[in-house]
Amino acid sequence: MEFEYLIIFLPLVGAIISGFFGKFLGSRNSEILTSLFVSISSIFSFLIFYKVFNEGYINNLDIFTWINSGSFNVNWSIKVDALSSVMLVVVTLVSSVVHIYSIGYMSHDPHKQRFMSYLSLFTFSMLMLVTSDNFLQLFFGWEGVGLCSYFLIGFWFKKESANAAAIKAFVVNRVGDFGFALGIFLIFYLFGTVNYVEVFELVPKSLDVNLNFLGLNFNAINLICILLFIGAMGKSAQIFLHTWLPDAMEGPTPVSALIHAATMVTAGVFLVVRCSPIYEYSPLALNIITIVGMSTAFFAATIALAQDDIKKIIAYSTCSQLGYMFFAAGVGAYNVAMFHLFTHAFFKALLFLGSGSIIHSFKDEQNINLMGGVWKKLPYTWLLMIIGTLALTGFPFLSGFYSKDAIIEFAYLRGNTVGYFAAGIGVFTALLTSIYSWRLMFKTFHGDYNNKNLNISSMHESPMVMIIPLIILAIGAIFSGFLFKDLFIGIESSSNFWKNSIFFLEPLSQDHPPSWFILLTPILVILSIPTAYYIFVKNIKITHEIVNGNLPLYNFLKNKWYFDELYNYLFVNTSKKDRLIFLEKNRFKIY
Amino acid sequence: MGFPILSSLILLPLLGAIFIFFSKSKSNAHLTSKYLALFVSFSNFILSLYLWHLFDPSIAEFQFLEEQSWIKGFVNYKVGIDGISILFIILTAFIAPLCIVSVNSTVKYRLKDFLVAILVMESLMIGVFCSLDLVIFYLFFEGGLIPMFLIIGIWGGERRVYSAFKFFLYTLLGSVLMLVAIISIYWITGSTDITYLYNLGIDAKYQYLLWLAFFSSFAVKTPMWPVHTWLPDAHVEAPTAGSVLLAAILLKMAGYGFIRFSVGLFPIASEYFIPLIYILSLIAIIYTSLVALMQEDMKKLIAYSSVAHMGFVTLGIFTFTQQGLEGSIFQMISHGLVSAALFLSVGVVYERMHTRLISNYGGLVSIMPKYAIVLMVFTLGAVGLPGTSGFIGEFLILIGAFKKSFLVAAIASIGVILSAAYMLWLYKRVVFGEIKKDEIKKMPDLNRAEIFILSLLVLPIIFFGFYPEPLLSTTEISIENLIEMYNTNINLNLVEK
């Protein structure tokens with residue numbers, strides 16, 4: 001029996017037992033069982049990861065035939081290589097931490113078994129996604145995680161807003177999946193197979209194939225890359241298809257940490273990196289990815305500046321960091337994208353779970369204007385959030401420092417216009433990231449206590465079952481960058497690790513950008529801390545003056561660039577007008 | 001010729017029906033006749049599984065042939081099956097006992113006659129799927145209208161008479177043209193034997209008109225836009241078991257007819273009319289999905305979604321690719337299961353609340369948690385989520401369509417987004433949210449019989465989603481053969497030109 005089966009199917013077994021027999025087991029037993037199963041899966045994942053970087057272990061198991069129709073053949077499979085082993089570790093580690101944390105966070109909820117079952121089912125789908133050896137199973141996992149996300153966003157089913165957010169997430173994702181599915185059709189049409197290895201072998205032979213669509217000629221490889229990227233944009237909440245992610249914060253906070261920060265939303269990045277053997281042949285698609293990535297990084301960061309809901313700020317921050325990952329992939333530095341995905345999983349899950357701990361203490365208050373001054377009351381949470389924030393902003397020697405700066409450097413080294421532009425945006429966004437992150441920290445923990453509903457003396461630290469998971473993530477947020485930087489992005493060591501799982505048409509540049517450029521970001525990040533403290537704690541008047549002086553800009557950011565309004569106007573309202581037409585259908589009835 | 005297994009499949013339910021019809025009614029006879037009907041239809045299902053066991057999927061020819069001359073030189077009773085028809089027979093035999101189990105308090109009077117109608121219906125439907133003679137086929141095909149007409153007209157809702165006549169007239173008008181076409185085929189070729197006609201091939205110049213005549217009948221039954229308007233009315237008025245039969249089996253006769261007759265007998269015309277079919281299918285997929293989105297009646301919503309799903313079927317058939325055709329057959333089987341399940345689920349809450357209006361529901365999840373779970377599975381099946389049978393069919397069809405036209409596949413894929421929207425919205429309004437009415441609080445969760453029926457549908461929907469191989473491998477060779485025959489005909493025709 002290979003470990004791989006245990007890693008992938010233990011969470012499924014946990015989900016089934018807790019989902020169907022949870023009533024007989026009782027809530028506590030279900031919680032322990034699912035957490036235990038996912039933790040075991042996590043331990044084995046580390047083992048596999050160790051084997052991969054130590055002995056170069058790879059494996060490709062076929063479980064059984066899924067679809068076999070004419071020349072279309074697909075198997076259920078488990079593929080282990082460097083890329084999937086990294087994802088295995090990220091997914092199972094964050095998942096087990098979130099499972100344990102949920103025991104504390106959901107302690108007052110009447111439907112604990114259902115919740116744990118969904119979490120485990122999500123983990124299973126995500127594992128199927130990352131270990132697939134073909135595009136169709138990837139699509140299965142892709143839709144599966146979308147479904148679990150739908151369940152979990154709408155977990156508090158009595159809340160109208162939660163239901164609406166759940167459906168919005170599913171339908172917007174389906175818009176992305178529409179592109180993804182067309183990409184898969186095109187791959188099968190062109191190559192006659194959907195198996196990664198076979199497709200990747202055939203790509204170099206089909207570079208000149210053109211397709212005619214509506215009278216226009218498209219290069220087939222470009223088209224495949226763009227279609228797949230549309231799917232990735234939906235899942236990873238990139239600009240235009242991002243609107244579901246902030247709304248998804250209606251779900252319980254552990255869900256936001258697991259699904260909407262560390263794992264599911266990074267599936268799009270994973271897809272692009274997995275398909276590097278195709279993308280490398282499409283400079284056009286890579287440029288589009290870079291542009292979309294940097295636009296998202298920038299625009300989401302600006303919105304985060306003006307939000308007041310603690311979870312929405314972190315959600316936009318996630319959006320922005322995903323943008324970084326995409327433009328890393330877009331400039332061809334796939335391994336750097338994976339490195340940022342890896343470190344981001346730790347510090348962003350930490351920030352979400354930390355904010356969950358704050359929300360828990362404030363009895364479900366999420367507005368940061370109604371918090372403040374409680375850092376002495378919540379010392380552990382405060383310290384852990386500080387770690388998370390430092391890591392996110394790229395404070396020297398924490399994990400985000402290594403991965404984010406590497407992205408900016410590689411963008412610079414790309415040497416073309418798009419690359420320089422991306423690097424510039426990257427530096428500026430890093431500054432914005434730092435400002436909104438410290439704004440969140442200072443408004444939440446420092447300054448005056450602003451909550452009128454709760455007395456400050458009633459504030460108390462969260463239970464240990466919630467703090468310990470945070471500590472595990474904090475260790476990752478501090479050390480994962482330093483420890484793994486050689487493995488992921490080191491010049492020689494990294495190609496030994498990634499081997500065939502990432503493909504470079506031309507080797508990555510080994511130069512270094514000028515030293516002023518390397519120092520620029522960390523200096524800005526460090527300087528922004530006292531500045532933010534001055535603006536948001538010492539001298540709040542300045543904040544008001546800035547806001548009042550730039551009211552149109554502030555409203556523009558506060559209203560999230562009016563994307564929701566635009567979409568409502570374009571799609572929702574028009575369909576309401578059509579409703580009249582359809583209800584009048586009786587006119588067409590033939591008697 | 002050994003044991004006449006196909007004739008047994010056709011006759012067994014009929015004999016059961018006759019027996020029940022002539023048995024004396026006593027005070028407790030209702031229950032007895034229900035058990036008897038159940039026994040008969042269940043035995044038939046076992047027999048159909050046995051047939052599947054005996055069936056050899058590796059040969060393309062018709063199997064289990066039986067032939068009796070009836071009117072000498074004109075009509076022969078000839079039945080036989082291949083990989084295309086056998087699945088529909090099993091589906092029919094599977095759905096019929098479920099319908100009988102589900103019959104309960106909703107049918108308030110003349111239960112015995114209702115059971116007779118279901119059994120006769122089963123007989124005729126199985127007859128449709130194994131006839132190898134055009135006249136016999138026509139008789140079974142049209143005969144199926146009568147029990148359905150009665151089921152809607154006698155046991156239906158308030159506007160049952162209107163709906164029953166609408167159903168009858170629509171389907172009959174289409175079929176008259178088919179009858180004319182069958183007679184012309186006899187005039188042209190001197191035979192109505194399908195295997196003979198397959199080998200002979202019908203002269204290209206006749207094919208176009210004949211194709212249109214058959215099309216007019218199948219298009220109404222499928223139903224294709226714009227002749228689909230009878231379906232929502234029929235569904236709304238029909239009792240639960242009637243809706244299940246209608247959606248799960250009756251609609252499949254047309255899809256089967258397209259494959260067996262339109263494609264099989266008139267390949268050149270089929271090729272010629274591809275644009276027509278594609279346009280109508282795409283309208284069915286997009287337009288009726290939008291209409292479904294706006295429905296306020298649960299049964300109507302599901303009825304419109306059926307039209308959209310059948311749009312995928314017609315699209316897949318006329319791709320003439322292995323994936324498209326296998327996908328179409330798979331989609332029909334899957335839709336048979338999913339739509340049956342959805343109508344049964346609506347029946348469950350209708351019995352408790354006596355309303356089909358979506359706005360009257362809400363918050364069922366905390367009152368009926370088991371119901372919420374099974375309905376979720378069926379909803380996902382209708383959405384076509386990977387891991388349910390709905391996905392395999394749609395996906396294969398779209399792959400097939402892609403080979404023909406990027407544009408057609410792209411437009412059809414939009415239907416996949418829409419189906420998610422209308423089904424999830426329906427689910428949300430019925431199952432989630434606050435409880436709006438006090439009656440809902442008193443609703444009991446699924447009872448054992450309901451759990452039993454619905455889980456019998458949950459299992460195949462999920463099983464075939466993960467492992468569709470048993471169905472795909474059954475159809476594979478027959479479809480290969482059909483496509484080969486089609487391509488030969490098209491090429492011959494090109495050479496002649």
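FYI, side chains are in, hydrogens and waters are out, and symmetry mates aren't considered; it's all heavy atoms of this structure. Lettering follows sequence order; numbering is per chain, from 1. Since this is a predicted model, take the numbers as computed values, not measurements.
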| query | Which bit of A:Glu160 comes within less than 4.5 Å of chain B, counting heavy atoms only: side chain, backbone, both or neither? | reply | side chain
| remark: Output for pair (A:Phe72 CZ, B:Thr321 OG1), nearest 0.5 Å, gives 12.0 Å
| What distance separates B:Ile392 CD1 from A:Ile67 CD1, expressed to the nearest 0.5 Å? | 3.5 Å
| note | Checked B:Phe406, B:Trp230, B:Tyr427 vs chain A; the most non-hydrogen pairs under 4.5 Å come from B:Phe406
| said: Counting heavy-atom pairs closer than 4.5 Å to chain A, which one of B:Ser473, B:Ala410, B:Ala421 comes out on top? | reply: B:Ala410
| field | Separation of A:Ser69 OG from B:Leu471 CG (nearest 0.5 Å) | value | 12.0 Å
| Under 6.0 Å between the ring centres of A:Trp76 and B:Tyr467? | no
| request: Could you tell me whether the side chains of B:Glu469 and A:Thr65 share a donor-acceptor contact shorter than 3.5 Å? | output: no
| request: Please check if atom CZ in A:Phe64 has more than 12 non-hydrogen atoms from other residues, nucleotides or ligands closer than 6.0 Å. | output: yes
| Non-hydrogen atoms of chain A under 4.5 Å away: do they reach the side chain of B:Gln323, the backbone, both or neither? | both
| request: Return the set of residues passing side-chain hydrogen bond (donor to acceptor under 3.5 Å, both in side chains) with B:Asp297 (not counting sequence neighbours), or none when no residue passes. | output: B:Arg356
| query | Counting heavy atoms not belonging to B:Tyr486, are there more than 12 under 6.0 Å from its OH? | reply | yes
| request: Heavy-atom pairs under 4.5 Å with chain A are the metric here; pick the option from B:Leu380, B:Val416, B:Leu169, B:Ile435 that has the most. | output: B:Val416
| query | Is it the side chain or the backbone of A:Leu190 that comes within 4.5 Å of chain B heavy atoms, both, or neither? | reply | neither
| note | Sorted by chain and residue number, the side chain to side chain contact (heavy atoms under 4.5 Å, CB included) partners of B:Ile373 (sequence neighbours excluded) come out as none
| Rounded distance [0.5 Å steps], CZ in A:Phe155 versus CZ in B:Phe432 | 10.0 Å
| Is it the case that more than 12 heavy atoms not belonging to A:Tyr189 sit under 6.0 Å from its OH atom? | no
| message | Under 4.5 Å from any heavy atom of chain B, what part of A:Phe188 do you find: side chain, backbone, both or neither? | response | side chain
| task | Would you please go through residues 131-140 of chain A and name the residues with a non-hydrogen atom below 4.5 Å from one of chain B, in numerical order? | result | A:Leu136, A:Phe139, A:Phe140
| What are the residues of residues 166-183 of chain A, in order of number, with any heavy atom under 4.5 angstrom from a heavy atom of chain B? | A:Ile167, A:Phe170, A:Val171, A:Arg174, A:Val175, A:Phe178, A:Leu182
| note | One should read off an interatomic distance between B:Leu472 CG and A:Trp66 CH2, to the nearest 0.5 angstrom, of 12.0 Å
